[in-house]
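Below: the structure, in structure tokens.
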Amino acid sequence: DFVNVVFDQSSLMTLEKSLGNISDPLLKQMLWATLWTMVRHAQLPAQKFSQLAMTQLKMEKDLGVLQLGLDYLIGSFWYMSPELKKGYRHSVEEFVSDLFKTVPVKDPIKIALFSRYLAVVRSDSATQMIRGWLNQEEIHSGFKIDQERRWAIVFRLAANGSPEAHDLIKAELARDK
């Protein structure tokens with residue numbers, strides 16, 4: 001059976017303030033899924049969801065909850081008008097970058113944040129930064145830029161229309177031999 005849960009205004013206000021304080025990861029994932037369904041059914045504006053997500057995810061310590069919340073946050077762009085999308089994209093790019101910088105290198109969350117950060121990089125400054133990562137063995141005092149991560153960076157640079165994408169791909173192919 002299927003149940004479509006919709007939060008009322010009072011419940012939404014409570015979640016805006018305290019979703020991150022819930023200790024049960026399964027319950028949090030269910031709440032995030034309900035919020036996301038509300039966005040998809042046009043019952044919660046995507047920009048309001050994005051604001052809530054950026055407020056509540058900054059303190060998230062559970063890998064599964066963080067990945068789910070970030071995936072929904074990134075997906076929320078599809079439900080925004082073109083005028084709103086650009087500003088929110090930039091805000092989310094900075095938000096994920098800040099999270100990535102602050103998480104300790106040994107924390108598995110760092111890996112998830114790396115991939116989510118590459119997914120949101122669009123600005124010239126962030127594109128230049130990740131381009132610079134290709135010239136380094138590690139970033140953030142110990143986060144290794146291995147072969148898989150190098151290809152992920154090259155993929156993002158190509159997707160962003162980097163004029164040197166073709167040369168970077170050739171260089172990575174040669175490096176792989």
Side-chain angles (χ1 to χ4, degrees), residues 1-127 129-130 133 139-140 143 149 152-153 155-156 159-160:
D1 293 333
F2 179 77
V3 175
N4 185 27
V5 177
V6 177
F7 296 124
D8 62 9
Q9 275 308 114
S10 176
S11 298
L12 280 173
M13 289 174 53
T14 300
L15 288 173
E16 286 174 8
K17 294 177 184 156
S18 60
L19 179 57
N21 296 333
I22 296 170
S23 60
D24 181 3
L26 179 59
L27 176 57
K28 274 202 271 196
Q29 288 181 349
M30 291 170 61
L31 294 169
W32 279 112
T34 299
L35 289 166
W36 180 239
T37 300
M38 289 178 67
V39 170
R40 291 180 42 238
H41 291 176
Q43 296 166 319
L44 177 64
Q47 60 272 24
K48 186 170 183 171
F49 174 85
S50 293
Q51 292 165 345
L52 184 150
M54 286 188 282
T55 301
Q56 295 302 314
L57 289 173
K58 66 183 165 192
M59 61 186 111
E60 185 56 57
K61 301 297 181 210
D62 183 87
L63 177 60
V65 173
L66 182 64
Q67 287 177 309
L68 182 71
L70 287 173
D71 288 345
Y72 289 157
L73 176 59
I74 294 166
S76 69
F77 300 140
W78 289 100
Y79 297 89
M80 291 183 188
S81 69
E83 301 81 35
L84 288 174
K85 188 183 295 192
K86 185 174 182 177
Y88 276 94
R89 258 196 200 283
H90 183 70
S91 296
V92 170
E93 181 183 281
E94 287 182 351
F95 171 72
V96 178
S97 174
D98 290 344
L99 285 178
F100 180 62
K101 289 174 188 172
T102 58
V103 170
V105 171
K106 300 286 186 199
D107 192 328
I109 288 176
K110 187 85 164 181
I111 297 168
L113 288 170
F114 175 79
S115 65
R116 295 326 185 276
Y117 181 61
L118 290 182
V120 297
V121 166
R122 297 293 187 282
S123 71
D124 290 341
S125 60
T127 300
M129 183 176 65
I130 66 168
W133 289 352
I139 57 173
H140 301 175
F143 189 78
R149 292 180 185 143
I153 293 168
F155 175 83
R156 173 47 54 202
N160 285 1

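Position 1 is the first residue of the sequence; numbering continues from there.
One N or O on the side chain of Lys110 and one on the backbone of Phe100 form a donor-acceptor pair closer than 3.5 Å. No side-chain donor-acceptor contact under 3.5 Å links Glu16 to the backbone of Leu52. In terms of modelled atom types and a separation under 3.5 Å, the side chain of Ser97 and the main chain of Glu93 share no donor-acceptor contact. Judged by distance alone, the side chain of Glu60 and the main-chain N or O of Leu66 form no donor-acceptor pair under 3.5 Å. Between the Arg156 side chain and the Leu118 main chain, a donor and an acceptor come within less than 3.5 Å of each other. Side chain of Asn160 to main chain of Thr127: no donor-acceptor pair is present (N/O by atom type, distance under 3.5 Å, no hydrogens or angles).
Between Phe49 and Trp32, the ring-plane angle classifies as perpendicular under the 30° and 60° cut-offs. Taking the six-membered ring for Trp and thresholds of 30 and 60 degrees, Trp133 and His140 have ring planes more than 60 degrees apart, a perpendicular arrangement.
Here CD of Gln67 is found 10.0 Å from CD1 of Ile111. Values are rounded to the nearest 0.5 Å. In this structure, CH2 on Trp36 lies 15.5 Å from CD on Gln29, to the nearest 0.5 angstrom. Summarising the geometry, atom CG belonging to Leu63 is positioned 5.5 Å from atom CD1 belonging to Ile109; distances are rounded to the nearest 0.5 Å. One finds the NE2 atom of His90 at 6.5 Å from the OG atom of Ser125 (value rounded to the nearest 0.5 Å). Atom OG1 of Thr34 and atom CZ of Phe7 lie 4.5 Å apart (nearest 0.5 Å). To the nearest 0.5 Å, atoms CG (Leu15) and CG (Leu31) are separated by 5.5 Å.
Side-chain contact check for Ser50 versus Met80: some heavy-atom pair is nearer than 4.5 Å. Two residues are said to be in side-chain contact when any heavy atoms from C-beta on lie closer than 4.5 Å; Leu35 and Leu19 meet this criterion. Annotation: side chain of Leu70 is in contact with side chain of Leu113 (closest heavy-atom distance under 4.5 Å).
Geometric assessment of Arg149 against the ring of Phe143 yields a positive cation-pi assignment under the 6.0 Å and 45° thresholds.
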- Task: Go through the steps to decide whether Lys61 and Asp107 satisfy the test salt bridge (Lys or Arg N to Asp or Glu O under 4.0 Å), and finish with yes or no.
- Result: CA-CA 10 Å; Lys61 301 297 181 210; Asp107 192 328; over 6 Å; no

(request) Determine, stepwise, if the pair Val120 / Arg89 fulfils side-chain contact (heavy atoms from CB on, under 4.5 Å). (result) CA-CA 7 Å; Val120 297; Arg89 258 196 200 283; 5.7 Å; no

Leu12 and Met38: CA distance, side-chain angles, deciding distance, side-chain contact (heavy atoms from CB on, under 4.5 Å) verdict | CA-CA 11 Å; Leu12 280 173; Met38 289 178 67; 4.1 Å; yes

Could you go step by step and tell me if Leu57 and Phe95 meet the side-chain contact (heavy atoms from CB on, under 4.5 Å) rule? CA-CA 10 Å; Leu57 289 173; Phe95 171 72; 3.9 Å; yes

Passes side-chain contact (heavy atoms from CB on, under 4.5 Å), Val6 versus Asn4? Steps please. CA-CA 7 Å; Val6 177; Asn4 185 27; 4.2 Å; yes

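For Met129, the CE atom is densely surrounded, since the number of other residues' heavy atoms within 6.0 Å is greater than 12. The environment of Phe77 atom CZ is dense: over 12 non-hydrogen atoms of other residues, nucleotides or ligands sit within 6.0 angstrom. The environment of CG in Asp124 is sparse: at most 12 heavy-atom neighbours from other residues, nucleotides or ligands sit within 6.0 Å.
Checking Gln47 against Tyr79 by side-chain atom types alone, no donor-acceptor pair falls below 3.5 Å. Side chains of Ser18 and Asn21: no donor on one and acceptor on the other come within 3.5 Å.
The nearest pair of heavy atoms linking Pro25 to Ser23 is CD-O, 3.2 Å. Of all heavy-atom pairs spanning Lys28 and Ile22, the tightest one is CE-O, 2.9 Å.
In this structure, Lys58 does not pair ionically with Asp98, as no charged nitrogen and carboxylate oxygen lie closer than 4.0 Å.
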